[in-house]
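What follows is a set of notes on a single structure, which appears directly below.
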Amino acid sequence: MRTSRLSSRERVARMFKRQDHDCIPRADSFWTETSERWRNEGQEGDLNAFLGTDFKALSWSDPRPFPGQKRLVSEDGRTQTFVDEWGNTVRYWKHRSGTPEHVAFGCTSRREWEETYKPALLAAWPFVNPYASYRDFESGRRNGLWTYLCGLETFEMTRRQLGDEVFLIGMIEDPEWIVDVSRTMTGLVLRDFDLLMDRGVKPDGVWIYGDMAYRRGTMCSPAMYRELVWPDHKRMADWAHARGLPFIFHTDGDVKGVLEHYIEAGFDCLQPLEAKAGMDVRSLSPVYGERLALFGNIDVMVMATNDLELVEHEVRTKLQAGMATRGYAYHSDHSVPPTVSWETYEFVIDLVDRHGNYD
């Protein structure tokens, strides 16, 4: 059984400080189709309640030049294509979730950025709802949860606005433009966070999302990351630390080549440690675990085998490695897909209940 003598807020705070705590904190995410399958297999009630999640988001800062825009341009029997809030043309499946196809990007030149997109972004601020955030903060505090401000980071925002091709080529051919996009986007997120704190929201931490790597490494060289993007990552971490808040960074992919840069920027925690990209807490924890909390890494591809013997080895060995420094939290290495049965996921959480205790 899970040992629970601390509140979630206390547990997560002590995890960041590598202080004694009762059991590992936990969170997870799921595909919509996963929840549907599990309900058909007998799952009842709220999944977060079943999981016993320790975390609660208070915001989602996601700067968009044209908030609310979703203009239909075409459709067929399976898909719909829209011009979206970023001015991009994007195709979605009609009847299932999945990553949308980017057909075209609206902002593909420095001139378009300076004349249209940057002014639109600045005019559209703010991108958060202070009243909803404060309500969620009060709810989270009443329930003892570790609450956090949440939003996107600059690598993700810039590549989403410009598209990977324009963004990555721009890093080489027009780095000053890319830096301007990055600084603008980062500034807008931090303005959102300032607004929320000015309105009485008192979070326990900051959790920033973005993907800057794929399964074989980062999308740009570590040197180029350090020169053009890292300053805004450090700016976000500095903002959090100036207010006494730990800083969690989410990215998929293989980021082993930039971990030292993350630590120097002040990242306190890395999530979700994508196993499919070669991230492995069993090798990372002995090297980085005292300087960087590790959050996740339970391989959803192993879960999806629905082989309970393989699943047990995956969960037990990774919990053991992460818990060695007392700086580890449970999460899948991405989000749990519908190929994972409810029986398997119940087994995963039972393993976390039984083997995730320090006492």
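Note: hydrogens, waters and symmetry copies are ignored here, and every other heavy atom, side chains too, is used.
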| query | Is D54 reaching over with its side chain to a backbone N or O of R26, donor-acceptor style, under 3.5 angstrom? | reply | yes

| Are R291 and T325 close enough that some pair of their side-chain heavy atoms sits under 4.5 Å apart? | no

| task | Evaluate the side-chain proximity of M212 to R159: yes if any heavy-atom separation is below 4.5 Å, no if none is. | result | no

| task | Spell out, yes or no, whether V73 and Y92 are grouped together once hydrophobic residues are joined by side-chain heavy atoms under 4.5 Å, including indirect joins. | result | no

| said: Within the supplied structure, the quantity of interest is the number of heavy atoms (other residues, nucleotides, ligands) at a distance under 6.0 Å from E33 CD; does it exceed 12? | reply: yes

| query | Just by modelled atom types, is the T108 backbone N or O under 3.5 Å from a matching donor or acceptor in the E112 side chain? | reply | yes

| query | Hey, is NZ on K17 packed in by over 12 heavy atoms from elsewhere, all under 6.0 Å? | reply | no

| message | Return the CD to CZ distance between E156 and F167, rounded to the nearest 0.5 Å. | response | 10.0 Å

| query | OG of S283 to OH of Y288: how many Å apart, nearest 0.5 Å? | reply | 9.0 Å

| Side-chain donor or acceptor of R18 paired with backbone N/O of F16 under 3.5 Å | yes

| query | Hey, mind stepping through F295 and F55 against ring pair (Phe, Tyr, Trp, His ring centres under 6.0 Å) and telling me if it holds? | reply | CA-CA 12 Å; F295 190 172; F55 300 84; 5.2 Å; yes

| message | Using only atom types and a distance under 3.5 Å, with no angle test, would you say the side chain of D268 pairs donor to acceptor with the backbone of F247? | response | yes

| remark: With V348 as partner, the option from V311, L308, L51, V300 fulfilling side chain to side chain contact (heavy atoms under 4.5 Å, CB included) is V311

| request: Kindly indicate whether the side chain of L319, heavy atoms from C-beta on, has any atom under 4.5 Å from the side chain of Y328. | output: yes

| query | For W31, does the CH2 atom sit with more than 12 other heavy atoms under 6.0 Å from it, leaving out its own atoms? | reply | no

| Stepwise salt bridge (charged side-chain N to carboxylate O under 4.0 Å, His left out) check, D280 with K256 | CA-CA 10 Å; D280 194 325; K256 293 190 290 293; over 6 Å; no

| Check: H21 side chain, Q19 main-chain N or O, donor-acceptor pair, under 3.5 Å | yes

| Do you reckon W239 sits in the same ILVMFWY cluster as W207, going by side-chain contacts under 4.5 Å, direct or chained? | yes

| Counting only heavy atoms not in H241, do more than 12 fall under 6.0 Å of its NE2? | yes

| said: Working to the nearest 0.5 angstrom, can you tell me the gap between M185 CE and L190 CG? | reply: 13.5 Å

| query | What do you reckon, are the aromatic ring centroids of F50 and W342 less than 6.0 Å apart? | reply | yes

| field | Distance-only side-chain donor-acceptor flag, S8 / W146, under 3.5 Å | value | no

| task | Can you measure from OG1 (T81) to CD (E101) and round to the nearest 0.5 angstrom? | result | 7.5 Å

| note | Output for pair (L58 CG, Y134 OH), nearest 0.5 Å, gives 11.5 Å

| field | Heavy-atom check, side chain of V340 versus side chain of T34, under 4.5 Å | value | no

| message | Other residues, nucleotides and ligands only: do more than 12 of their heavy atoms fall within 6.0 Å of CZ on R354? | response | yes

| task | Heavy atoms only: give me the nearest A265-A237 pair and the separation to one decimal. | result | O-CB, 3.3 Å

| request: Report yes or no: do E41 and S341 form a side-chain donor-acceptor pair below 3.5 Å? | output: no

| query | Above 12 or not: heavy atoms from other molecules or residues under 6.0 Å from NZ of K234? | reply | no

| said: Please check: side-chain N/O of D299 versus main-chain N/O of M301, any donor-acceptor pairing under 3.5 Å? | reply: yes

| said: Go through it in stages, so that I can follow the logic: the residues are H233 and F155, the test is ring pair (Phe, Tyr, Trp, His ring centres under 6.0 Å), and I'd like the CA-CA distance, side-chain angles, deciding distance and then a yes or no. | reply: CA-CA 9 Å; H233 281 171; F155 199 98; 7.6 Å; no

| said: Test side-chain contact (heavy atoms from CB on, under 4.5 Å) on W113 and D180; report intermediate values, then the result. | reply: CA-CA 10 Å; W113 165 252; D180 184 45; 2.8 Å; yes

| task | Mark yes when over 12 heavy atoms from residues, nucleotides or ligands other than R215 sit less than 6.0 Å from its CZ; otherwise mark no. | result | no

| query | Do H355 and V315 touch side chain to side chain, with heavy atoms closer than 4.5 Å? | reply | no

| said: So M279 and D254, do their side chains get closer than 4.5 Å, heavy atoms only? | reply: yes

| said: Using only atom types and a distance under 3.5 Å, with no angle test, would you say the side chain of S29 pairs donor to acceptor with the backbone of H334? | reply: yes

| task | Could you tell me whether E36 atom CD has more than 12 heavy atoms of other residues or ligands within 6.0 Å of it? | result | yes

| Can you find a side-chain donor-acceptor pair between S139 and D136 that sits under 3.5 Å? | no

| Is there a donor-acceptor contact under 3.5 Å from the side chain of D204 to the main chain of R141? | no

| task | Taking only Lys NZ, Arg NE, NH1 and NH2, and the carboxylate oxygens of Asp or Glu, determine whether R235 and D232 approach each other closer than 4.0 Å. | result | yes

| query | When hydrophobic residues are tied together by side-chain contacts of less than 4.5 Å, even through go-betweens, does I349 share a cluster with V12? | reply | yes

| Is there a donor in the side chain of S61 and an acceptor in the side chain of D192, or the other way round, less than 3.5 Å apart? | yes

| request: Kindly determine whether R243 and F193 satisfy side-chain contact (heavy atoms from CB on, under 4.5 Å), including the steps that lead there. | output: CA-CA 11 Å; R243 292 154 181 80; F193 290 171; over 6 Å; no

| task | Would you confirm whether R226, through its side chain, and H261, through its main-chain N or O, come within 3.5 Å as a donor-acceptor pair? | result | no

| message | Determine whether W177 and E114 satisfy the following criterion, side-chain contact (heavy atoms from CB on, under 4.5 Å), listing intermediate values before the conclusion. | response | CA-CA 9 Å; W177 172 35; E114 293 175 345; 5.6 Å; no

| If you round to the nearest 0.5 Å, how far is CH2 of W86 from SG of C107? | 14.0 Å

| task | Tell me, with the steps shown, if Y117 and F66 meet ring pair (Phe, Tyr, Trp, His ring centres under 6.0 Å). | result | CA-CA 9 Å; Y117 285 81; F66 313 112; 5.5 Å; yes

| request: Check each of R11, R326, R5, R14 against D20 using the salt bridge (Lys or Arg N to Asp or Glu O under 4.0 Å) test, and report the only one that passes. | output: R326

| field | Beyond-backbone contact of Q43 with Y345, side-chain heavy atoms, under 4.5 angstrom | value | no

| Counting N and O atoms only, with roles assigned by atom type, does the side chain of D76 sit under 3.5 Å from a partner on the main chain of T79, one being a donor and the other an acceptor? | yes

| Taking the side chain as C-beta and beyond, is there a heavy-atom pair between T184 and L122 under 4.5 Å? | yes

| query | Going through the distances and angles, do F127 and L188 end up as a side-chain contact (heavy atoms from CB on, under 4.5 Å)? | reply | CA-CA 8 Å; F127 302 99; L188 290 168; 4.1 Å; yes

| note | Closest heavy-atom pair, A275 versus K318, reported as atoms and distance to 0.1 Å, is CB-NZ, 3.9 Å

| field | Identified side chain to side chain contact (heavy atoms under 4.5 Å, CB included) partner of R71 from the options V83, T89, D84 | value | V83

| query | R160 and D62: salt bridge (charged side-chain N to carboxylate O under 4.0 Å, His left out), yes or no, with the steps? | reply | CA-CA 11 Å; R160 184 191 58 189; D62 182 8; 2.5 Å; yes

